[in-house]
Amino acid sequence: MVDERKDSEAANSKGCDRERNVIKKAIDLDYVLTNELGQFGRYQLRSIILVAIPIIMSAFMSEYIFSAAAIPHRCRIPECGEEGKSHKYDPDWILNAVPETSSGFSNCERFTPLGLTNGTLDYCPVTLFNQSSETRCFEFVYARDNTVVYDFDLGCDEWSRAFAGTLSSIGTLLVLPITGYVSDRFGRRFALIISVFNLALFGLIRAFSVNYVMYMALQLLQTTFGAGTFSSSYVFAAELVGPKYRVLTSAICSSMFGVGLVVLGGVAWLIPDWRYMIMALHIPCFLIITYYWLFSESVRWLLSKKRYPEAQKILENVARVNKTYISEKSLDALMNPPQPEAAAVPDANKSGLVRTIINSRVLLRRVCTTPFWWITNTFVYYGLSINSTSLSDTMHLNFILTCAIEIPGNFTAVLVLDRIGRKATIAAGYFLTAACNIVFVFIPNDMTAARLVIFLLGKFSISAVMMSVYLFTSELYPTEFRHTLLAFSSMIGRVGSITAPLTPVLMDYWHGIPSLLFGGMGSLAGLLVLTQPETLGTKLPDTLAEAEALGKPESKVNPTS
């Protein structure tokens, strides 16, 4: 009897402890989603389907890949009756006037004229030129008339042509503080709608550009004020799914961006003229204005702004659509959050971020390592997308395939990250994309299928890495500095996307330079991944000491706890 009484008292004590733990545990939105509303129900699915449309549209800002695409050109030969830019690109007499090269004939050089002008478009004899002397030309004849290169006569000004892509990437850097402020100040819904509206407005105006300066200025304005479309849409999708489904949601959003690039390639293929192509892409974007009435505001944002009646109405709607419930206790906890305790006296001995990094060799190594991963990601990812158009004459098909391969890459990362680990997944992805790019350099041009397969495998690998590095980086830093250092890595990573559009110009010096750059940076990034500890199965570090202990036995989560 005594033993039974002791067992009963012990059980009651444990039960009381569990009750006290439940009471002490703060009821937040993640708790309610996990235990009551559902982490990924019909309401969340409907929201993701709706935000998929603006995410697809956010890819349209990359249309410069086609509107500012290089087109075959040669020097204009006025001695043979050529006036203006529209003439036969390769007449029978062209090698009388233009030097021959390994790829056909020169784009920017011509033979020096002897001053005679008795040639015609059908008859242009070699006697009109001094074939022992060459000169650079500044007036051109083009093979096609459907890009800005023709309209604004860019000809051999390759660096200026490629700079449109660089300005687009600079705009994506400038947009970060703008979108963050608008989203936090006026709400997620407003930030999304205004971003898509700016994307559509500046994109549509760019279709009427009268010179290249106007075209590039509008490219910068469009991305500076419209590139927040993706981040605004992603926040909308992620803020109302439970913790278990956030990686999957991220993969879905990234895949929708890939779908947008596929749509871009298809529209550019169907509508070759760059002005009409831009109109076809951007006019439908104005329909997103209707989201003001279709979309509810983010519940997390409403709760953070203490707009409790609106938040409660949405939460009740979520429960109705998901066919679940939200208890009065949970509603009361969300509508009446605990007041923050009075701030304690600041710790005079507490170091700032910079001093903490300098004093911690482990943290310093990571701060010097993770930004290079991000630079490599954006450099190789955007570089492969842009260079895909030069794989063969079917540039639209090549671009579509290169973008479509991102989708299985994203979901492959979701499947393997929790099975083989972050470190193995990312390092293998970097090494595979590096190997593909290096091998690609040495595959002959006539082996079109082999070149395409290797190129696609490289893009598949870097897409999987892009999905994984965000998670791995965040797991390496302590809670106190996680957001700041993650944002720092992402910001430095923009260097890669800014320089990637310039890589096609390097092929003028040697065709393999871009691919070797991609391969070299991928190899180095893969080696740097191996210098960091594995984070799979470890507790997310809250303190600097826990972050420094990653990789040691004490950092592992006890499966029986």
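Sequence positions, counted from 1, serve as the residue numbers for this chain.
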(request) Would you please classify the geometry between the Phe190 ring and the Phe186 ring as parallel, tilted or perpendicular, with 30° and 60° separating the classes? (result) tilted

(message) Looking at every heavy atom in both Ala164 and Met216, which two are closest together, and how far apart are they?
(response) N-SD, 4.4 Å

(request) Kindly give the heavy-atom pair with the smallest separation between His396 and Gly265, and that separation in Å. (result) CD2-O, 3.9 Å

(message) When you measure from the side chain of Asn377 to the backbone of Met466, do you find a donor-acceptor pair of N or O atoms at a distance under 3.5 Å?
(response) no

(request) Give the ring-plane orientation class for Tyr142 versus Phe140, where under 30° counts as parallel, over 60° as perpendicular and anything between as tilted. (result) tilted

(request) Before accepting this row, confirm whether a basic side-chain N of the pair Asp145/Lys85 lies closer than 4.0 Å to the acidic partner's carboxylate O. (result) no

Please list every donor-acceptor pair under 3.5 Å in which a side-chain atom of residues 217-224 meets a protein atom from a residue at least two apart or in another chain.
unit_1: Gln219; atom_1: NE2; unit_2: Met61; atom_2: O; d: 3.4
unit_1: Gln222; atom_1: OE1; unit_2: Arg206; atom_2: NH1; d: 2.9
unit_1: Gln222; atom_1: NE2; unit_2: Leu199; atom_2: O; d: 2.9
unit_1: Gln222; atom_1: NE2; unit_2: His282; atom_2: NE2; d: 3.0
unit_1: Thr223; atom_1: OG1; unit_2: Ser168; atom_2: O; d: 3.4
unit_1: Thr223; atom_1: OG1; unit_2: Gln219; atom_2: O; d: 3.1
unit_1: Thr223; atom_1: OG1; unit_2: Leu220; atom_2: O; d: 3.2
unit_1: Thr224; atom_1: OG1; unit_2: Leu220; atom_2: O; d: 2.7

(request) Indicate yes or no: at least one non-hydrogen side-chain atom of Leu33 is less than 4.5 angstrom from one of Gln44. (result) yes

(request) Spell out, as yes or no, whether a donor-acceptor pair under 3.5 Å connects the side chain of Thr402 to the backbone of Asn398. (result) yes

(message) Donor-acceptor check, side chain of Tyr430 to backbone of Trp373, threshold 3.5 angstrom: yes or no?
(response) yes

(message) Can you see whether Trp301 engages Ser183 through a side-chain donor-acceptor pair at a distance of less than 3.5 angstrom?
(response) no

(message) Can you give me the closest heavy-atom contact between Val51 and Ala237, atom names plus distance?
(response) CG2-CB, 3.9 Å

(message) What's the separation between atom CZ in Phe257 and atom OG1 in Thr229, rounded to the nearest 0.5 Å?
(response) 10.5 Å

(request) Report yes if some heavy atom in the side chain of Met491 is under 4.5 Å from a heavy atom in the side chain of Leu173; otherwise report no. (result) yes

(request) Quick one: sort the Phe197 and Phe286 rings into parallel, tilted or perpendicular, breaks at 30° and 60°. (result) perpendicular

(message) Restricting to side chain to side chain contact (heavy atoms under 4.5 Å, CB included), what partner residues turn up for Thr34, sequence neighbours left out?
(response) Gln39, Pro243

(request) Flag the pair Arg161 / Thr147 as yes when at least one side-chain heavy-atom distance between them is below 4.5 Å, and no otherwise. (result) no

(request) State, yes or no, whether a side-chain contact exists between Phe372 and Met521 at a heavy-atom distance under 4.5 Å. (result) yes

(request) Measure the spacing between CD of Glu310 and CD of Glu297 and express it to the nearest 0.5 Å. (result) 8.5 Å

(message) Rounded to the nearest 0.5 Å, what separates atom NE2 in His511 from atom CG in Asn387?
(response) 13.0 Å

(message) Measuring from atom CZ of Arg307 to atom CD1 of Ile314, what distance do you get when rounded to the nearest 0.5 angstrom?
(response) 9.0 Å

(message) Just verifying a value: how many Å separate Trp293 CH2 and Arg189 CZ, rounded to the nearest 0.5 Å?
(response) 9.5 Å

(request) Indicate the atoms forming the closest heavy-atom contact of Val196 with Cys285, along with that distance. (result) CG1-O, 3.5 Å

(request) Could you go through the side chain to side chain donor-acceptor pair (under 3.5 Å) check for Thr376 and Tyr381 one step at a time? (result) CA-CA 8 Å; Thr376 302; Tyr381 174 86; over 6 Å; no

(request) Give a yes or no on whether the ring-centroid distance for Trp269 and Phe399 is below 6.0 angstrom. (result) no

(message) Could you check whether atom NZ of Lys305 has more than 12 heavy atoms from other residues, nucleotides or ligands sitting under 6.0 Å from it?
(response) yes

(message) Under 3.5 Å, is there a donor on one side chain and an acceptor on the other for Tyr234 and Thr249?
(response) no

(request) May I ask you to decide if Arg275's main-chain N or O and Asp273's side chain share a donor-acceptor pair within less than 3.5 Å? (result) yes

(message) Would you say CZ of Arg46 has more than 12 non-hydrogen atoms from neighbouring residues, nucleotides or ligands within 6.0 angstrom?
(response) yes

(message) Take a 6.0 Å sphere around OH of Tyr215 and say whether it holds more than 12 heavy atoms from other residues, nucleotides or ligands.
(response) yes

(message) To the closest 0.5 Å, what do you measure between NZ (Lys313) and CG (Asn317)?
(response) 8.5 Å

(request) Indicate whether any N or O donor in one side chain lies under 3.5 Å from an N or O acceptor in the other, for Glu36 and Ser327. (result) yes

(message) Name the residue from Ser232, Ser255, Cys253 that meets the side-chain contact (heavy atoms from CB on, under 4.5 Å) definition with Ile55.
(response) Cys253

(request) Could you tell me whether the side chain of Thr499 reaches within less than 4.5 Å of the side chain of Thr166, counting heavy atoms only? (result) no

(message) Using side-chain heavy atoms (C-beta onward) and a distance below 4.5 Å, is Pro501 in contact with Tyr64?
(response) yes

(request) Give a yes or no answer on whether the side chain of Asn198 reaches the backbone of Phe225 with a donor-acceptor pair at less than 3.5 Å. (result) yes

(request) Flag yes if more than 12 heavy atoms outside Tyr292 fall under 6.0 Å of its OH atom; otherwise flag no. (result) no

(request) Kindly give the heavy-atom pair with the smallest separation between Ala280 and Val267, and that separation in Å. (result) CB-CG1, 4.2 Å

(request) Please name the pair of heavy atoms, one in Ala251 and one in Val414, separated by the smallest distance, quoted to 0.1 Å. (result) CB-CG2, 3.5 Å

(request) State, with a plain yes or no, whether a side-chain heavy atom of Ser388 is found less than 4.5 Å away from one of Met395. (result) no

(message) Classify the ring geometry of Phe40 against Tyr245: parallel below 30°, tilted from 30° to 60°, perpendicular beyond 60°.
(response) tilted

(message) I'd like to check Arg494 versus Thr378 (side-chain heavy atoms, cut-off strictly below 4.5 Å). Are they in contact?
(response) no

(message) Between Phe379 and Phe518, is the ring centroid distance below 6.0 Å?
(response) yes

